[in-house]
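Computed from heavy atoms alone, side chains included, the values below leave out hydrogens, waters and symmetry copies. Counting convention: from 1, in listed order, for ligands and their atoms alike. Position 1 is the first residue of the sequence, and the numbers go up from there.
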Amino acid sequence: MKLLITGGAGFIGSNFIHYWTHNHPNDEILNIDSLTYAGNITNLASIKTNKYKFTQVDICDTEEINKIFKDFKPDNVVHFAAETHVDRSLDKPDVFIQTNIFGTYNLLEASLKNNIKRFHHISTDEVFGSLDLDTADKFDEQTSYKPNSPYSASKASSDHLVRSYAESYGLPISITNCSNNFGPYQHPEKFLPRIITNLIDNKNIPLYGDGQNVRDWLYVEDHCRAIESVLLNKSTIGQTYCVGGNYEDISNLDIAKMVLDIFNLDDNKIEFVKDRPGHDIKYAVNWTKINQDLGWKPKYDTYQWLEKTTQWYIENESWWRPLKTEAEQFYAKNNQ
Ligand code: NAD
Ligand code: TDX
């Protein structure tokens, strides 16, 4: 395969490139990323193969994107690049609209012109909105879209655009809507790395609202395996797959207590802070379709891989320290 990866210097994209170069060493990869505050090329410094290349480019730059497609001639596009942090989308939505919608459109146009074999779009369960706390319902491929933040609305728009390019122009697409990932190289603005690095710094865990919100946690390598299972299977073209991890509900308070347990600390480190506006109550994903069609299921146990992830942050302070300083300035400005 010749894979054009967008946003490969971010959290999931860089984990995916590590995964792919390890498991498919003969495939060629071009990673394009504009290196926003969330992109970090050092995530990929240990990749030595000449099958992997990086170019700094903004997916909104039509001319540059056309040139990339012409020169590299990818057969598969895996589109991770996006603005991804809900709190930042509440503060400044414009860049979310630009990158997540216009940037996706730009890539779709280039993919169409260059006859690529597959455009795989990485999306989120947040496009479905929020579940009630006491329901056993879960999001699946039939759930209607009801996004609640500018981030999730921009991702929902991009999903619709991707689907429309298949329906209107026959572009061979696939989409995965995944739940909350965790693992190495996740920016310390996000909940789990934020609380782990706070505890390393002997600070409190800031829990929004009453901490009862539920997220569906998935170790990042399981997400990479899910994308792999879709990409390697031709019958998945035109399909959407929901990807998730939890077997039972885990509230933010529950997962904060797991992290405290890993650090051997007690609950007095928890501090309830001002809630996020429009804060989705609960996400839960039904991953039956990808399980039945492709045999995928989560492999990594949440607690055990939370321990490994915590250890990674303890050992890689030089990676997250500069990012955390900026992230905490953002939170302080927004009183979070
Ligand atoms: P991230 O914020 O860590 O990384 C995003 C990457 O995209 C960065 O490297 C950034 O530099 C790059 N980027 C942003 N704007 C760009 C532009 N205009 N041009 C080129 N590159 C640009 O994000 P992530 O958590 O790795 O998420 C990756 C994808 O997965 C996103 O599409 C996101 O919506 C989706 N997703 C994330 C999660 C999660 O839990 N993190 C869950 C489901 C889906
Ligand atoms: O300091 C915090 N305190 C807190 O209680 C932060 C940063 C978050 N939270 C809560 C809000 C959420 O209920 O923790 C939960 C997780 O928050 P985030 O890490 O911001 O993730 P979320 O809003 O759920 O979105 C994430 O998952 C889906 C990613 O950021 C998205 O990119 C992805 O699509």
Nearest option to [atom], as decided by whichever heavy atom of [options] sits closest:
atom: atom 38 (C) of ligand 1; options: I122, I12, N15; value: I12
atom: atom 4 (O) of ligand 1; options: A81, G8, G10; value: G10
atom: atom 18 (P) of ligand 2; options: E189, R215, R276; value: R276
atom: atom 7 (O) of ligand 1; options: G183, G39, A82; value: A82

Look only at interatomic distance and state if [X] has a nitrogen or oxygen under 3.5 Å from any nitrogen or oxygen of ligand 2.
X: L207; answer: no
X: N213; answer: no
X: R194; answer: yes
X: T84; answer: yes
X: Y283; answer: no
X: Y151; answer: yes
X: D87; answer: no
X: V86; answer: no
X: S179; answer: no

Practice task
Return the residue, atom name and 0.1 Å-rounded distance of the protein heavy atom closest to atom 20 (C) of ligand 1.
Solution key: S34 N, 3.2 Å
Completion exercise
atom 13 (O) of ligand 2 has as its nearest protein heavy atom H279 NE2, 2.7 Å
Problem - H85: numbered ligand 2 atoms lying under 4.0 Å from its heavy atoms - result: 20 (O)
Exercise for the section: Number the atoms of ligand 2 from 1 as they appear, then name those within less than 4.0 Å of a heavy atom of T124, with their elements. Expected result: 28 (C), 33 (C), 34 (O)
Can a side-chain donor-acceptor contact be found between [Y] and [X] if the only test is distance below 3.5 angstrom?
X: W217; Y: N246; answer: no
X: H79; Y: T104; answer: yes
X: N31; Y: Y52; answer: yes

For [Y], does the six-membered ring have the charged nitrogen or CZ of [X] within the cation-pi criterion, i.e. under 6.0 angstrom from the centroid and within 45° of the normal?
X: R194; Y: Y331; answer: yes
X: R88; Y: Y37; answer: yes
X: K2; Y: F72; answer: yes

Exercise for the section: Return yes or no for this condition: an N or O of D58 is under 3.5 Å from an N or O of ligand 1. Expected result: yes
Heavy-atom pairs closer than 4.0 Å: do any link ligand 1 to the side chain of [X], the backbone, both, or neither?
X: K155; value: side chain
X: D125; value: neither
X: I32; value: neither
X: T99; value: side chain
X: Y151; value: side chain

Handout entry: Whether H187 lies under 4.0 Å from ligand 1, heavy atom
Key = no
Completion exercise
At under 4.0 Å between heavy atoms, what of K190 touches ligand 2? The answer is both
Exercise for the section: Answer with yes or no whether K155 contacts ligand 2, where contact means a heavy atom under 4.0 Å from a ligand atom. Expected result: no
Fill in the blank from the handout: side chain to side chain donor-acceptor pair (under 3.5 Å) test vs E221 passes for just one of W305, Y19, Y300, namely Y300
Problem - Q304 atom CD, over 12 foreign heavy atoms within 6.0 Å - result: yes
Practice task
Verify the neighbour count for atom CZ of R276: are there more than 12 heavy atoms of other residues, nucleotides or ligands below 6.0 Å?
Solution key: yes
Problem - Ligand-side contact atoms (ligand 1) for residue partner S123, heavy atom cut-off under 4.0 Å - result: 43 (C), 44 (C)
